[in-house]
Amino acid sequence: MEIFSHNSNVHFLGLRKVSIGIAVLLMVASIALLATRGLNYGLDFTGGVSIEATYDNPVSVEDVRSALDKGGIENATVQSVGGTRQVSIRFQPKDDAHFVLQEGKSPNLDLIANDVAKALQAGRPDAKIAGKDYVGPQVGEQLRSDGVTAAIFVIIGIGIYLWIRFERRFAIAALATEVHDVLVTLGVISLVQREFDMTVLASVLAVIGYSINDKVVVFDRIRELFRSSRKADPEEILNRSINSTLSRTIITSLFTSIAMAALYFFGGPTVHGFAITMLIGILVGTLSSIFVASPILLWLGVSKKDLMPVTKENPELARRP
Amino acid sequence: MSDFPRWRYFLVAVVLVLGTLYALPNLYLPKPAVQVSATHSAVVDEALQQKVTAALQAAKISYLDANLKHDPSRGDFILIGFANGDQQKAAADALKPVLGDDYTAAFNLQSTVPSWLSAIGGRPMPLGLDLQGGVRFLMAVDQNDVIDKQEIRYTQDITSLLKDKKIPFVSVARDPTRGQGVNVVLGSAADRSAASDAIATEYTDLNVTDGASTGNRFVLNAVIKPIKLRDLATSAIRQNLATLSNRINALGVSEPVIQAQGEDHISVELAGVQDPAEAKKVIGATATLEYVAGLGDARDPAVQDAVKTGNVPPDAHLYYGRHGEPYLVSKNIIATGDELVDASSGNDSQTGSPSVNVTLNSAGAAKMLDFTRDNVGKPMAVVYVERTTDTQVVDGKEVRTPKTTYQVINYATINGVFGNKFQTTGLGSTKEASELALLLKGGSLAASMDIVQEGVIGPSLGQDNIEKGLKAVLLGLGLVLLAAAIYYKLFGLVADVALFFNLVILVAVMSAIGVTLTMPGIAGIVLTLGMAIDANVLICERVREELRNGSTPLAAIRAGYEKAWATILDANVTHLIAALALTTMGSGPIKGFGVTLLIGILTSMFTSVTVTHAITALIHHGRKLKTLSV
């Protein structure tokens, strides 16, 4: 079975002005969104409110959660504490009219606890609030700066590897597209104001891995075609590379998307954020592999002779498995 | 077949067998259990076991088994297994009143992994807080301690400031009431205003006011400004958070959650901790060392007098040693655990007894140097300070009283001048030495903390979400497998088999190195598998291309694998770099996710290239092929 004609010869590079234009536009829009709307940080990043509730009779965590949902308190983390009669509820009361994040103690905590009590008692009259407190973020500042360091490390590491294995221009093109993919993915999350929690962060970082993987496959073919063809017109070579890897690019994205879509539709709220972010990232990454990465290469002026001096490849690496 | 040497078949077979073996323990779900252990030195024996089982029968709670276990490092305990979590919780509730204060009934999990599997090191992956829950401690930072420490510090600082400025003074002492600052008594009004100016310019965080003046006593009062106190309290919480993270990470507890709660509480949640008592020892341990001048040991008449009459000289403390022998030590501390930069455990080269090797920071080292230089031939004591909280139930309410115990662990004559590095001996056992080193190295607490609440918490996701998530994962996997088989036919099926083994090996490696499994981790596994198929897509597309270009089937397979390999390597190495960064930067779920990705990329390179090649070679071996099913 084949979905794509192997003779496909779409002139992708002919669209380069349009595609790069759209990519730049999307990036600018994403930066604007991130600057104005920002990300909707979740409990992991901002902290929130922790409330302990006790029941006279045993209660299940699922019942507590559904009572909270009905009462309009969403995305709460509910855990049983110690036995069957006590639960700990943690949430970020963003939409609660009573909640204003303030320095130090705030009288609003009592009102929030009242809202929770109302929600719980609507389902079970024997619910009582045993304690209330603010909780700090789980991701400390230290961790956030570690994250930035890690991102820089990834970019430099990948850049160096591509520089060594390919050529300087490939490294630049890959990283530029990479920045584009991450920014646009974050832009979409900011646009729809999806809660940005630890799992979403993990998937944004996974998007980096996915999309770089995707670009390298195309680059690999570009290098191969440059080396094997006698007179190489860069535009033609790039176009041929995109076309001949097109079915792989799309099939892999499709397969990965199938798994992520299953997570999104059936996985429940906890993997929702992860799955939807991955889906966005896969879409953005796939499109940029086809429409953005190679035009940048062409623009940077990649040519056959750039790739020839490195033909003495490490025989270890080139050896077949 | 020359394309695929025999040793590679052998390698594939060995890896598959090992992978299956070490992935296997995950199929044996641990059963909920209640662990009964002694809090102090109470006896855990068969009689207690009978008492426990009788209590359970009386409460009509059915249990699976009850075993008396001996463990040299943890002491004896009884483990009672249950069929489900509800029975476990009910049993713990029922047992607590029966057992009284001498014993604890804590939740635990009982492994059901067969002994032969455990014997070869097979163990299941520990599950994260979201999937399984764990233990939770709520710790209160002692704000009084923050004030105490600062006021003591300012007392010393003001004394040395006045000495430096050559302002004569009668005394510098803390106000007996906490928070009322430091009282400086001076001989004249002129001295007082000079001192007042000096203190105010040097320490801008202090409010300096004139107090009462009677005769030739002119009192000056310096109080820490409220805003500074608030800063100190916040930074104490922050430093304690960091210290706790260090300690817990050093312990190797995976994916802990350490959060500030309220103004002076810290909540710590540990996943996969089997024994709350054991965890508490490290979390709750607020032990530190103090180095002080020794004023006398048991042979000294002053000490005997102090023990007899209870009259301790005002500048001394009466502490006891490991064997109950009394010592008098100075109240002035030379150095404390705060000033420590490194600590490691070892054995004393001369006596072979367990020791802790300590490195002080420059301030601590300078003080130590000064002190030892001036006091060669005089004794110095090492005091072990530990804070614990006693819980007693009074009128149905839990009353907690923090208690600080001091023990002289070493009392010896100073033989020479110490610098920043030296050794502390006198510890009871090697284990004690390594625990103390861990605590000291983990940093010191800015203010002491007490555990005010502890308990077992359930999974934060809830059972329904876990089931939903797992179902979605299996569905996603199934769909990918199906799609591959439809699109690439036989080659797709081979890829599916490889993918299945990838899952097995991935799980085996994660289990063997003990990666904590969380929901994001599971999502990471799915992503890895989705991407693992990419290598096969690359190979299959290459084989198709070769066939189109007119290669014979066997040549197409060979060329397909050959040409795809370079691409797969480049793509995976770049992906690997990204995963590596996640692993090194990450904490909690991010780290777990990164590790999963890292292992997954490595295993998938093996399975989707080498394993599929082995199977393909096996299938097409020695056959005359006209076409390939790809």
Side-chain angles (χ1 to χ4, degrees), chain A residues 1 6 50 61-62 65 77-84 88 105 133-136 138 143 146-147 149-150 153-154 157-158 161-162 165 198-199 201-202 205-206 208-210 212-213 216-217 220 247-248 251-252 255-256 258-259 262-263 266-271 274-275 278 317-318 320-321, chain B residues 89 93 133 257 259-263 265 455-458 460-462 464-465 468-469 471-472 475-477 479-480 483 486-487 519-520 523 526-527 530-531 533-534 537-538 541 548 561-562 565-567 569-571 573-575 577-579 581-582 584-585 587-590 593 609-610 613:
Chain A
M1 187 173 121
H6 53 262
S50 162
V61 171
E62 279 74 40
R65 196 171 293 140
T77 306
V78 184
Q79 277 171 300
S80 71
V81 185
T84 50
S88 141
K105 267 205 158 53
D133 237 327
Y134 288 108
V135 284
Q138 194 188 325
L143 254 167
D146 283 356
T149 319
F153 173 68
V154 172
I158 290 175
Y161 181 79
L162 292 183
R165 282 284 285 163
M198 207 96 96
T199 59
L201 176 63
L205 296 165
I208 299 183
Y210 181 86
I212 198 79
N213 199 332
V216 167
V217 173
D220 208 76
S247 60
R248 174 266 153 201
I251 288 296
T252 296
F255 281 2
T256 318
I258 289 173
L263 275 188
F266 306 102
T270 34
V271 281
F274 181 90
M278 268 323 291
L317 293 175
R320 66 161 196 277
Chain B
K89 284 173 189 164
D93 286 346
V257 174
Q259 272 174 301
Q261 182 166 340
E263 287 203 312
H265 286 79
V456 176
I457 46 169
S460 55
L461 279 187
D464 53 343
N465 282 331
K468 238 188 240 170
K471 266 184 205 150
L475 180 73
L477 263 181
L479 287 173
V480 171
I486 292 174
Y487 197 70
M519 203 39 123
V526 180
L527 180 68
M531 301 210 47
I533 210 112
D534 179 52
V537 172
L538 278 166
E541 291 289 333
R548 277 200 296 269
Y561 272 92
E562 247 167 47
W565 173 240
T567 315
L569 194 70
D570 281 333
V573 170
T574 43
H575 202 181
I577 294 172
L582 278 189
T584 45
M585 81 160 248
S587 87
I590 305 277
F593 178 78
V609 181
T610 310
H613 204 175

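Residue numbers begin at 1 in each chain, while the letters A, B, ... track the order of the sequences. Not measured: the values here are computed from a predicted model.
The candidate with the highest count of non-hydrogen atom pairs below 4.5 Å against chain B, out of L162(A), I208(A), V154(A), V271(A), is V154(A). Counting heavy-atom pairs closer than 4.5 Å to chain A, the top residue among G469(B), G530(B), A571(B), A578(B) is A571(B). Ranking A262(A), G136(A), G268(A), S50(A) against chain B, the residue ahead of the rest is G136(A), based on heavy-atom pairs under 4.5 Å. Counting heavy-atom pairs under 4.5 Å between each of N213(A), L201(A), V216(A) and chain B puts N213(A) at the top. Looking only at heavy-atom pairs under 4.5 Å with chain B, the residue among I212(A), T77(A), V61(A), V135(A) that has the most is V135(A). Most heavy-atom pairs under 4.5 Å with chain A, from the set V526(B), T567(B), V480(B), D570(B): that is D570(B).
Every residue two or more places apart in sequence or in another chain that forms a side-chain hydrogen bond (donor to acceptor under 3.5 Å, both in side chains) with Q79(A) is listed here: R90(A). A search for side-chain hydrogen bond (donor to acceptor under 3.5 Å, both in side chains) contacts involving N465(B) returns nothing, not counting sequence neighbours.
Heavy-atom distances place both the backbone and the side chain of A483(B) under 4.5 Å from chain A. Only the side chain of I533(B) comes within contact range of chain A, with heavy atoms under 4.5 Å apart. Within the 4.5 angstrom heavy-atom criterion, atoms from both the backbone and the side chain of F255(A) approach chain B. Heavy atoms of V217(A) lying under 4.5 Å from chain B belong to its backbone as well as its side chain.
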Next item on the list: Could you give me the CA-CA distance, side-chain angles and deciding distance for L527(B) and F593(B), then say whether side-chain contact (heavy atoms from CB on, under 4.5 Å) is met?
Entry: CA-CA 10 Å; L527(B) 180 68; F593(B) 178 78; 4.2 Å; yes
Next item on the list: Report the C-alpha distance between D534(B) and R248(A) in whole Å, list the side-chain angles of each, state the deciding distance to 0.1 Å, and finish with yes or no for side-chain contact (heavy atoms from CB on, under 4.5 Å).
Entry: CA-CA 8 Å; D534(B) 179 52; R248(A) 174 266 153 201; 2.6 Å; yes
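Between T252(A) and T256(A), the closest side-chain pair of non-hydrogen atoms falls below 4.5 Å. Between F266(A) and K471(B), every side-chain heavy-atom pair lies at or beyond the 4.5 Å cut-off.
Judged by distance alone, with hydrogens and angles left aside, the side-chain atoms of Y561(B) form a donor-acceptor pair with the main-chain N or O of H613(B) at under 3.5 Å.
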